[in-house]
S.K.: 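Dropping a structure here in structure tokens format, bear with me for questions.
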Amino acid sequence: MLDLLIHNARLPDGRAHMGVAVQGGRITALEAGLSPATAPAAQVVDAGDQLLSAPFVDAHFHMDATLSYGLPRVNQSGTLLEGIALWGELKPQLTQEALVERALAYCDWAVAKGLLAIRSHVDVCDPRLLAVDALLEVKRRVAPYIDLQLVAFPQDGVLRSHGALDLLKESLKRGVDVVGGIPHFERTMADGAASVKLLCELAAEQGKRVDMHCDESDDPLSRHVETLAYETQRLGLHGRVTGSHLTSMHSMDNYYVSKLLALMAEARLNVVANPLINITLQGRHDSYPKRRGLTRVPEQLAAGLTVAFGHDCVMDPWYSLGSGDMLEVASMGLHVAQMTSQAAMRQCFEAVTTAPAQILGLDHFGLAVGREASFVLLQARDPIEALRLRAHRLGVWRRGVQLAASAPVQTTLTLPGRPASTDFRR
Ligand code: FE2
């Protein structure tokens, strides 16, 4: 007998009446027409012709800052730079206990929304490495239900901030997974480029992946992504390096971008755009017209790059809203990047499921036989409807074990002159 059978499901690729058989935490069969009669199981779930997807994955988050909104004050200008200054004011007041508590609370939100893997940057520019130790503790505690990957992020600049390189190396020693950076925040363009070279070399030496905040700026001459692509191919790190944000690409000269995209493709550089945050932080120095500031997602996809949408922030010094809902993130990306064709909308869904799983190297994720039996059942028929409705999560499973369940959302209308009706697709 199977551990779990989910039948009568639709899959993101359009297949309907599908059954997913689970044994020992893995998908053992994925076939049309599987039913309790043909595949008896200890737990049987009728998906009700709704969409069963691989879990959501967030490729870019800051779990050390999350849920700290208003501490010690609110960001008045709404800019990235005031956010960084505000975080600097908050840092001395942080305690490990409060960091752990807020991160665990956010992970509860995430699971409820079907978000089961998160890559979080953690600020290493603190001689106490308080946030590093706190998030390593959180990583251990959430391991049964969330894959938490940590990036050693020198928020104040690995060269600009005294002692940051040693702190970054120490955090890797303590168990942080990925090398981060912030070249556009270094003192000069030359220092920015030097920081990219230094950090990529460190990652190559230690066999680590790289994920840098890169060119999070409206300055069209912020071109650190060029160095990132160059170092990636020089060091043979193809496919293991991610440029996060890349907002300056929005403002760059088109001719230059036509060369840059080819260099990025050659290096198989991954891209993470953060639509909710970039649409609120970028263009703050413009009057009108105001630039959107999102990186060039459709063009990057057309060049063959793997592109994910990240949440980046939830209720912190940079962003006052958010709820861990990756469908909200994807919906904003869809709108800002004008990805409105059927194919592009599906790419937006992939940008919060399969693409970030690939960027994080989560080979066990995905709806296929032999993969981990982790999925989310959405109250929608297909990925486009899921985006349109920011679909309700009916159930969430990790390795065949149900972690969250909720009743379908529906509204009953009793309108004068109309028959009573119940539906949710409005
Ligand atoms: Fe970020």
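Each ligand, and each atom within it, is numbered from 1 in the order the structure gives.
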S.K.: What closest approach, in Å, do T353 and S53 show between heavy atoms, and which atom pair accounts for it?
M.R.: CG2-OG, 3.9 Å
S.K.: Quick one: name the protein N/O/S atoms under 2.8 Å from the Fe ion (ligand 1), chain by chain.
M.R.: H60 NE2, H62 NE2, H213 NE2, D312 OD1
S.K.: Would you kindly check if the NZ (Lys) or CZ (Arg) of K290 is within the cone defined by 45 degrees around the ring axis of Y288 and under 6.0 Å from the six-membered ring centre?
M.R.: yes
S.K.: Is it true that, when you exclude K169 itself, more than 12 heavy atoms of the residues, nucleotides or ligands shown sit nearer than 6.0 Å to its NZ?
M.R.: no
S.K.: Would the number of heavy atoms belonging to other residues, nucleotides or ligands and lying under 6.0 Å from CD of E101 be above 12?
M.R.: no
S.K.: From the options D123, D316, D312, select the one residue that forms a side chain to side chain donor-acceptor pair (under 3.5 Å) with H62.
M.R.: D312
S.K.: Assess R160 against F185: is NZ or CZ under 6.0 Å from the centre of the six-membered ring, and within 45 degrees of the ring's axis?
M.R.: yes
